[in-house]
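In what follows, a structure is listed as structure tokens, so that the remarks can point back to it.
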Amino acid sequence: MKCKKEDMQLYAVTDRTWVGEKSFEEQVEESLEGGVTFLQLREKHLAEEEFFKEAVKIRQLAAKYKVPFVINDNVEIARKVQADGVHLGQKDMGLLEAREILGPDKLIGVSCRTVEDARKAEALGADYLGVGAVFGTSTKKDAKPVAREELQAICRAVSIPVVAIGGVKESNLMELKGSGVSGVAVVSGIYGQKNIKEACRRLRELSEEMTARSMKKVLSIAGSDSSGGAGIQADIKTITAHGLYAMTAITALTAQNTTGVYGVQNVPPEFVAKQLDCIFQDICPDAVKIGMVSDSQIIHAIAEKLREYEAENIVADPVMSATSGGTLMQKEAEKAIKAELFPLADVVTPNLLEAEILTGMNIHTGKDMEKAAQIIGEGMEGAVLLKGGHLKETADDLLYFEGKFIWYPGEKVENPNTHGTGCTLSSAIACNLAKGYDVPESVRRAKAYITGALRAQLNLGNGSGPLNHMYALRKENVENIFEKYMKET
Ligand SMILES: Nc1ncnc2c1ncn2[C@@H]1O[C@H](COP(=O)(O)OP(=O)(O)OP(=O)(O)O)[C@@H](O)[C@H]1O
Ligand SMILES: Cc1ncc(CO)c(N)n1
Ligand SMILES: [Mg+2]
């Protein structure tokens with residue numbers, strides 16, 4: 001069995017000292033349900049017979065969740081219960097002796113604290129390394145801390161996975177970002193917790209974020225809004241606020257602000273196509289949001305490229321006019337967007353005005369919205385989200401998805417500043433699709449995000465102003481980075 005890096009993501013080390021209402025086995029099962037990726041049974045005080053019985057039970061549990069399972073120190077028991085391997089401390093039996101007993105296919109992990117130990121263990125055939133203590137730990141009183149520089153040097157020195165151990169908990173896990181470890185080993189941060197399953201879920205999420213070298217990417221194909229509140233600028237802010245990587249292909253420059261659109265310069269279609277080539281041939285997006293596309297040649301150029309690169313998770317926002325009233329789409333383009341972009345889209349997101357133009361209907365009631373969504377949905381496989389922001393009393397949105405109507409009731413937030421709400425919503429939907437949520441869930445989450453942005457009550461400009469896209473991020477994240485990353489000058 002080879003030790004895969006991803007197995008080290010959340011490495012649980014059992015600890016029976018925590019006395020709670022649940023049995024030891026129940027606690028271990030909860031940690032497995034919570035998503036631990038590797039399990040080590042560590043017993044310092046059990047007699048051999050007891051340890052063996054315990055190991056048999058935990059072996060079965062780990063197998064049920066298909067999680068690699070090793071025994072701490074005791075090679076004989078590891079062999080008897082057919083564990084996936086053993087973890088050896090510095091003072092335990094030698095690696096070669098353990099390999100002799102367990103054979104070539106079992107995992108042997110070794111604790112180490114220096115680059116020299118690490119190189120030696122790898123040369124002797126260790127499958128992974130446990131390095132620590134990386135923080136102060138209550139589990140092993142005599143554990144001396146390993147400096148961050150040493151941990152990074154060890155990760156650079158070996159090609160086998162390294163797991164950081166010692167005092168790791170939710171509050172300090174992200175400090176290991178960039179260290180090179182493949183995951184974290186946690187003891188009391190799991191088995192000392194009231195809700196073990198929830199603790200594991202959060203630790204797993206943090207560890208995945210801490211070890212990640214990539215991130216989900218979202219492409220916005222839209223017009224630039226000089227006022228920063230809609231179009232490309234709103235999309236970049238929304239994507240960034242969702243913790244994802246934003247890329248852009250610009251279709252037009254607009255000179256606009258909160259009071260109106262004062263000029264539009266279209267980008268030549270072949271240059272839009274060139275931007276898309278550059279993007280798809282290098283950093284491929286996980287989702288695409290299409291905003292302002294003002295004429296049919298640009299629409300055609302985009303459709304061709306999205307087909308050529310088999311783009312996925314496409315959200316098309318049929319932007320026809322700005323909240324301030326300025327026109328952003330030429331009449332002839334209305335047909336083209338329906339014929340060329342809608343069939344490629346997973347979701348299209350017209351507002352009420354756009355839906356009336358696309359259907360030739362007058363839309364006043366919920367029934368009208370349902371009828372309009374159905375008409376727009378004809379001839380396309382994707383969903384239609386009819387946005388209710390222009391309704392008087394409420395802000396209910398309607399999703400027509402796989403032949404069903406799903407209503408998203410929205411309380412009308414008293415806020416005259418709604419510039420870019422549609423762009424922001426459609427970008428948020430694209431982010432959620434990139435994260436792997438399905439269409440209804442992506443819409444639900446995006447609706448929550450936009451409602452929060454409206455409630456943030458940003459008030460800029462002399463007209464209907466923009467939103468605060470970063471309202472959900474904690475200010476102190478930015479305020480205190482200097483202590484951590486700026487060397488004393
Ligand atoms: N005052 C409001 N209170 C609550 N939700 C709102 C409000 N205004 C808009 N929304 C919500 O914001 C989202 C965008 O809808 P809206 O109808 O404003 O799009 P839009 O007209 O395309 O926006 P824009 O063109 O300004 O970018 C929808 O989910 C809608 O329900
Ligand atoms: C560039 C641009 N795209 C979209 C909108 C829709 O609000 C806008 N106002 N400006
Ligand atoms: Mg809009």
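Atoms within a ligand are numbered from 1 in the order they appear, just like the ligands themselves.
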Original post:
Could a heavy atom of T451 be found less than 4.0 Å from some atom of ligand 1?
Top reply: no

Original post:
What atoms of ligand 1 come closer than 4.0 angstrom to any heavy atom of D397?
Top reply: 28 (C), 29 (O), 30 (C), 31 (O)

**OP:** Look at atom 3 (N) of ligand 2 and find which of G231, P466, A234 reaches it with the closest heavy atom.
**Re:** G231

**OP:** Report yes if I450 has an N/O atom closer than 3.5 Å to an N/O atom of ligand 1; otherwise report no.
**Re:** no

Original post:
Quick one: does T421 get an N or O within less than 3.5 Å of an N or O on ligand 1?
Top reply: yes

Original post:
Nearest heavy atom to atom 21 (O) of ligand 1: which of H390, K387, M292, K447 does it belong to?
Top reply: H390

Original post:
Can you check whether L467 reaches L458 side chain to side chain, under 4.5 Å on heavy atoms?
Top reply: no

Original post:
For atom 20 (P) of ligand 1, which candidate among N351, I429, L425 provides the closest heavy atom?
Top reply: N351

Subject >> Subset of ligand 1 atoms that lie under 4.0 Å from at least one heavy atom of T418 >> reply: 26 (O)

**OP:** Please say whether the positively charged group of R445, taken as NZ for Lys or CZ for Arg, lies over the ring of Y437, i.e. under 6.0 angstrom from the six-membered ring centre and within 45 degrees of the axis.
**Re:** yes

**OP:** Begin from the C-alpha positions of F135 and K169 and carry the test side chain to side chain contact (heavy atoms under 4.5 Å, CB included) through to its verdict.
**Re:** CA-CA 9 Å; F135 300 105; K169 41 186 189 290; 6.0 Å; no

Original post:
Taking the inter-plane angle between the rings of F280 and Y309 on a 0 to 90° scale, is it parallel (under 30°), tilted (30 to 60°) or perpendicular (over 60°)?
Top reply: parallel

**OP:** Could you tell me which atoms of ligand 2, counted from 1 in the order shown, lie closer than 4.0 angstrom to a heavy atom of L328?
**Re:** 5 (C), 8 (C), 9 (N), 10 (N)

Subject >> Centroid separation F38 to Y128 less than 6.0 Å >> reply: yes

**OP:** Compute whether any side-chain donor of one residue and acceptor of the other, for S296 and E332, lie under 3.5 angstrom apart.
**Re:** yes

**OP:** May I ask which of P466, G291, G389, S321 has a heavy atom nearer to atom 8 (N) of ligand 1 than the others do?
**Re:** G389

**OP:** Drop me the distance from I232's CD1 to S427's OG, to the nearest 0.5 angstrom.
**Re:** 8.5 Å

Original post:
Which ligand 2 atoms, with their elements, are less than 4.0 angstrom from a heavy-atom of A230?
Top reply: 5 (C), 7 (O), 8 (C), 9 (N), 10 (N)

**OP:** Compute the minimum heavy-atom distance from G420 to ligand 1 and say whether it is under 4.0 Å.
**Re:** yes

Subject >> Sub-4.0 Å atoms of ligand 2 with respect to non-hydrogen atoms of V319 >> reply: 4 (C), 5 (C), 6 (C)

Original post:
Just which atoms of ligand 2 are under 4.0 Å from any heavy atom in H419?
Top reply: 9 (N)

**OP:** Decide whether an N or O pair under 3.5 Å exists between T254 and ligand 2.
**Re:** no

Original post:
Should one rank G291, G223, C423, S464 by closest heavy-atom distance to atom 4 (C) of ligand 2, which comes out on top?
Top reply: C423

Original post:
Counting heavy atoms only, which of L467, D317, L454 is nearest atom 6 (C) of ligand 1?
Top reply: L454

Original post:
Has A230 got any heavy atom lying under 4.0 angstrom from an atom of ligand 1?
Top reply: no

**OP:** Give a yes/no verdict on whether any heavy atom in S224 is under 4.0 Å from an atom of ligand 2.
**Re:** yes

**OP:** Give a yes/no verdict on whether any heavy atom in E414 is under 4.0 Å from an atom of ligand 1.
**Re:** no

Subject >> Passing option when I450 is tested against I429, T424, D397 for side-chain contact (heavy atoms from CB on, under 4.5 Å) >> reply: T424

